[in-house]
Amino acid sequence: MVKIFYDKDATFDAVKDKTIAVIGYGSQGRAQSLNMEDSGLNVIVGLRPNGASWNKAINDGHEVMTIEEAAEKADIIHILIPDEVQPKVYNEQIKPYLKEGKTLSFSHGYNIHFGLIRPPEGVNVIMVAPKSPGAMVRKTYEEGFGVPGLVCVEKDYTGDALDIALGMAKGIGLTRAGVILTTFREETETDLFGEQVVLCGGVTELIKAAFETLVEAGYAPEMAYFETCHELKLIVDLIYQKGLQGMWNDVSNTAEYGGLTRRSRIINEQSREEMRKILKEIQTGEFAKEWALENIAGAPKLNALRRLEKEHLIEKVGKDLRKMCGLQKDE
Ligand code: NDP
Ligand code: MG
């Protein structure tokens, strides 16, 4: 069984006298720093001086300084900039200030697990990760609750690295909902697998393939959009709230019978075999290497794929329909 920590299992003792530098003020940086600050912890924010988030963080009332200054001043350095820029920023602006006994912290295990960031001896390496986008992290905290999260300890130099992680998790509000103890490896590999196979990759391809099938057969693209994309949210909401059983109970018997008898023709043994291959590519570091090279080359493949995705008919139809339903304002 996994170990889950709640509010009563965590204290601020290991963090209350420390300075926590949040590096980055985007989705997670803003939410986590505001929550920790409101929980009474000592937060400073490290940013690049001419960047867009500098003034935002100041306007939110934070003590803002350069990344180097924050790294030097802090006992805990919590890196919340995009994963692909972390190695460079770490090497140039953080590493020189990582004195013995400090704690290096992340919300995703990617760079540590794949060895793209190699901390020196004598520091703690931990993860404190909300299982939710930043906006939700902040909103639920303000409502008096929190989102669930993860904590991990990769290196425990001071002997209280887990207490530090739990203190931060409590400050962010994560222990109110529950925090699972995991490892950098498990978090990184399951996270990549989930986003590639289901959440981002699998779902979008399923939607597009079903949409194209209906449109090819002569059905109105608007009808195809409603059936294969729009309604997905209603089903996912049911599963989110009540599990698979709850969803099956709420749809018609016809939908239940059709779904149960047809689904394994869509996700079949070939799809499962491909899932195993994708997992292997993650486990062996093959995906990480591909993504690193892609970034070094200036992301040509990502840019091309972004363009193709943007030009797809479903995007045009969807945009008009979402506007019509009042779901999306003009971008
Ligand atoms: P964002 O993309 O929102 O981070 C933006 C911030 O990073 C801005 O403050 C930006 O500063 C700064 N930044 C970007 N590039 C650089 C650079 N080259 N040098 C210095 N600062 C830079 O990141 P997220 O919040 O999405 O992700 C942060 C971490 O949290 C990642 O490890 C991610 O995996 C993890 N995570 C994210 C989740 C999410 O839902 N987004 C969920 C769980 C974990 P400026 O304004 O100057 O450009
Ligand atoms: Mg994820």
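Counting starts at 1 for both ligands and their atoms, following the listed order.
Protein residues with a heavy atom under 4.0 Å from ligand 1 are Gly24, Tyr25, Gly26, Ser27, Gln28, Leu47, Arg48, Gly51, Ala52, Ser53, Ile67, Leu80, Ile81, Pro82, Asp83, Val85, Gln86, Val89, Ser107, His108, Pro130, Ser132, Pro133.
Looking at Thr140, Asn35, Val137 one by one, the single match for side chain to side chain contact (heavy atoms under 4.5 Å, CB included) with Pro130 turns out to be Val137.
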| said: The test is salt bridge (Lys or Arg N to Asp or Glu O under 4.0 Å); show your working for Glu189 and Arg185 and say whether it passes. | reply: CA-CA 6 Å; Glu189 294 180 354; Arg185 175 179 180 220; 3.0 Å; yes
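Residue Tyr6 belongs to a hydrophobic cluster whose other members are Val2, Ile4, Leu150, Ile180, with links defined by side-chain heavy atoms closer than 4.5 Å.
For residues 137-151, the salt bridge (charged side-chain N to carboxylate O under 4.0 Å, His left out) pairs, not counting sequence neighbours, are Asp38-Arg138, Arg138-Glu142, Lys139-Glu143.
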Considering only distance and modelled atom types, tabulate donor-acceptor pairs under 3.5 Å from the side chains of residues 256-266, sequence neighbours left out.
| from | atom 1 | to | atom 2 | distance (Å) |
| --- | --- | --- | --- | --- |
| Thr261 | OG1 | Tyr257 | O | 2.8 |
| Thr261 | OG1 | Gly258 | O | 3.3 |

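Within a 6.0 Å sphere centred on CD of Glu269, heavy atoms belonging to other residues, nucleotides or ligands number more than 12.
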